Number of protein chains: 2
Amino acid sequence: MNFQQLRIIRETARRDFNLTEVANALYISQSGVSKHIRDLEDELGLQLFVRRGKRLLGLTEPGRELLPVVERLLHDASNIRQLAEHFTRKDEGRLAIATTHTQARYRIADLVSQFVREFPKVRLEIVEANPQAIADRLLSGEADIGIATESLGEVPELVAFPFYRWRHAIVVPHGHPLLALPAPALADIAAYPIITYHEAFAGRRRVNEAFRLAGIVPNVILSAVDSDVIKRYVELGLGVGIVSPIAFDPRRDTQLQQLGGTPLFPENTTVIAVRRGHFLRSFGYRFIELCAPELAGDAVRAAILDDDR
Amino acid sequence: MNFQQLRIIRETARRDFNLTEVANALYISQSGVSKHIRDLEDELGLQLFVRRGKRLLGLTEPGRELLPVVERLLHDASNIRQLAEHFTRKDEGRLAIATTHTQARYRIADLVSQFVREFPKVRLEIVEANPQAIADRLLSGEADIGIATESLGEVPELVAFPFYRWRHAIVVPHGHPLLALPAPALADIAAYPIITYHEAFAGRRRVNEAFRLAGIVPNVILSAVDSDVIKRYVELGLGVGIVSPIAFDPRRDTQLQQLGGTPLFPENTTVIAVRRGHFLRSFGYRFIELCAPELAGDAVRAAILDDDR
DNA sequence: GATGCTTACGATACCCGTAAAGATA
DNA sequence: TATCTTTACGGGTATCGTAAGCATC
């Protein structure tokens, strides 16, 4: 048993049991992949993968049991390397943030520029993805920190910290009839076509929920991943936009206006999430602190690393 | 970085930084040990060990941080092998129980013979040790299951299940004056020399506590690890014995008699402990179930393996 | 026929042990 | 001086890639 074999096992499960892909992903020859799998299976005395002829189809029962242990082991190996770098090059390295478009474009932009000034030697990677993909990236170790509004808090392998709370805002073009109402209700809004986020995003579920509770079926004519896309189509007069308020800036979005009145949608909490037991470099903790000053100090570190062992 | 290097790091910390001992323990040459340590330090780019000249003295700060991760990683490697054996040879393997003399001799003797009948192919190893050493063996992976009355429950890396509750019994030779009292008190007993367990053992702390609360300083003339030793000296008239009631059998200990009356000492709980995240073979769980039938099923397994990751 | 996995074979790198030399107590 | 660690060197093995062969789709 060696690390390479375990890496191959993990990658095989991730790459849908296509050994050629595994070989490419790990920059090794495909024959080596085959042999390593066979060797490890021989050593353990059991089959990890279900085969039909020469093709691999999936994990066997023992394979399913073993995989989580293999993943934890490899994660610890990566932690060891991270920890070493942490001591040798305190302010150098890589920090991968996975987040949604809206956060990347609006909420964390200033924080990122501040972070880059503070840590010029850190390679900062910001990957945009939907909340599910963000969670996957955190779990696989591709990303260090995830920021999103939905679902991250529900994954048990992740630790989520509250970042900020917000409610959806409603934006319309100038002169829109809704602007004449002092306190527009959901029913008023639903009289127009709706443009808002895609199902997997930014608290879209909360929007749906509010309409469902009011017994209204809104006419959502366009769902987008991206606040800018939404605003653009609202500008074009295609409908009423329901967006995150951080994506609306009266000075820049001169063709749009935000509706006033009482809150119509439930509150959302955007969270910062890290995989449990993931070793974050000190600048990673600093990034979290830049996001939310109250998330400073050892409490965050303890929450991430405390694994009861 | 490879497994051998990590094993060497772990063993070096365990063997007091004597590389010759490490080499012997791992059945490799000490030049190999030296080289592996140096290679790993070079790869990580930092020193793991404090050196004076050529001698190793201890762990550096990074070394101290890394060691727990290394230990968890190696533990997972062993879990992988255990898990594989679990699937290939369900009823074969090794089960190491670390326990105190009293438990081994009295409480679990029948359970052990039943276990051996049930799993004739399992090599059962019972190691006697004091509670602290039992905890160490569980943590190092030398033992799978630990049974003791003290301290195991206080180690956070261990999961402890209640086995049974008991109070110390007082034994004296036939015709002893204490037998004449209907309900002897602590002060009556303390009038005689006391023979009981050694400090680290079998709830001795509770005995001390009872006397302390009563404001009495007992004259403990003999402390033993072993209930049989205590009983022998009580038989010889050297004093009053305070032992675990499971060690007293009226039919066999014909020269001794147990004092009646109200309980004088606080209750003890003997526990069964396993290291958190340790992979127990199915017959290991069966052993626990034999000890305490209420500790059956998946709850025990979940408590051991649930590590929040 | 295209894709995917295995086997065969040779080069390289790595791991290990012996032996000698150097440090430390 | 005895114990302990490092360095040097050589043999054996493991690992890897190329290339050919063989299933599977």
Side-chain angles (χ1 to χ4, degrees), chain A residues 1-60 62-63 67 70 73-74 77 80-81 84, chain B residues 1-60 62-63 67 70 73-74 77 80-81 84:
Chain A
M1 181 160 71
N2 59 42
F3 282 109
Q4 187 73 317
Q5 289 168 344
L6 298 178
R7 267 193 294 271
I8 287 170
I9 297 301
R10 176 178 66 177
E11 206 63 28
T12 303
R14 285 187 185 168
R15 304 264 164 187
D16 220 25
F17 313 101
N18 181 327
L19 299 194
T20 308
E21 253 188 68
V22 172
N24 293 333
L26 298 179
Y27 305 105
I28 52 177
S29 74
Q30 189 269 329
S31 77
V33 172
S34 263
K35 187 159 189 331
H36 266 315
I37 291 178
R38 183 165 291 275
D39 286 349
L40 183 60
E41 287 186 331
D42 286 351
E43 180 180 338
L44 297 179
L46 47 80
Q47 293 232 336
L48 296 172
F49 297 103
V50 176
R51 292 167 168 83
R52 179 157 58 223
K54 286 191 170 182
R55 303 284 169 108
L56 281 79
L57 297 177
L59 287 164
T60 61
L67 191 61
V70 170
L73 189 153
L74 291 174
I80 287 172
R81 280 183 279 265
Chain B
M1 181 161 72
N2 59 42
F3 282 109
Q4 186 73 318
Q5 289 168 344
L6 298 178
R7 267 193 294 271
I8 287 171
I9 296 301
R10 176 178 68 178
E11 205 64 27
T12 303
R14 284 187 185 168
R15 304 264 165 188
D16 220 25
F17 312 100
N18 180 327
L19 299 193
T20 309
E21 250 186 71
V22 172
N24 293 335
L26 298 180
Y27 306 105
I28 52 178
S29 72
Q30 93 248 54
S31 81
V33 172
S34 263
K35 186 157 190 329
H36 265 315
I37 291 178
R38 181 163 292 273
D39 285 349
L40 184 59
E41 287 185 329
D42 286 352
E43 180 179 338
L44 297 179
L46 47 79
Q47 294 231 334
L48 296 172
F49 298 103
V50 175
R51 294 167 166 84
R52 177 157 60 225
K54 286 191 170 183
R55 300 289 168 104
L56 296 165
L57 296 178
L59 288 164
T60 59
L67 191 61
V70 170
L73 189 154
L74 291 173
I80 287 173
R81 281 183 278 265

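Throughout, a chain's letter reflects where its sequence line sits, starting with A, and its residues are numbered from 1. Model, not experiment: these values are computed from the prediction.
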Could you tell me the separation between the [atom1] atom of [X] and the [atom2] atom of [N], rounded to a whole number of Å?
| X | N | atom1 | atom2 | result |
| --- | --- | --- | --- | --- |
| A/Phe49 | C/dG4 | CZ | C1' | 15 Å |
| A/Ile37 | C/dT7 | CD1 | P | 13 Å |
| A/Glu21 | C/dC5 | CD | C1' | 14 Å |
| B/Asp42 | C/dC14 | CG | C1' | 15 Å |
| B/Arg15 | D/dT5 | CZ | P | 14 Å |
| A/Glu41 | C/dT6 | CD | P | 9 Å |
| A/Phe17 | C/dT3 | CZ | C1' | 18 Å |
| A/Leu56 | C/dT3 | CG | C1' | 14 Å |

### Pairwise side-chain contact, B/Leu40 with B/Leu6, heavy-atom cut-off 4.5 Å (strictly under)
yes

### Query
Is a side-chain donor or acceptor of B/Asp16 paired with a backbone partner of B/Asn18 at a separation under 3.5 angstrom?
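The answer is no, because no donor-acceptor pair under 3.5 Å joins these two groups.
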
### Task
Give a yes or no answer on whether the side chain of B/Gln30 reaches the backbone of B/Ala23 with a donor-acceptor pair at less than 3.5 Å.
no

### Task
Encode nucleotides 13-25 of chain D as B, S and - characters from 5' to 3', where the letter depends on protein heavy atoms closer than 4.0 Å: B to the base, S only to sugar-phosphate, - to neither.
--SSBBB-BBBBS

It should be established whether [X] places a side-chain nitrogen or oxygen under 4.0 Å from OP1 or OP2 of nucleotide [N].
| X | N | value |
| --- | --- | --- |
| B/Arg38 | D/dT7 | yes |
| A/Asn18 | C/dT3 | no |
| A/Thr20 | C/dT3 | no |

#### Entry: ring-ring contact (aromatic ring centres under 6.0 Å, His included) partners of residues 5-39 of chain B, not counting sequence neighbours, each pair once
B/Phe17-B/Phe49

### A/Met1 CE to B/Ile80 CD1 distance, which is reported to the nearest 0.5 Å
5.0 Å

### Task
Enter the distance from B/Leu26:CG to B/Thr12:OG1 here, rounded to the nearest 0.5 Å.
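Result: 8.0 Å between the selected atoms.
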
### Task
Let me know which of B/Gln5, B/Glu11, B/Arg10, B/Gln4 forms a side-chain contact (heavy atoms from CB on, under 4.5 Å) with B/Ile8.
B/Gln4

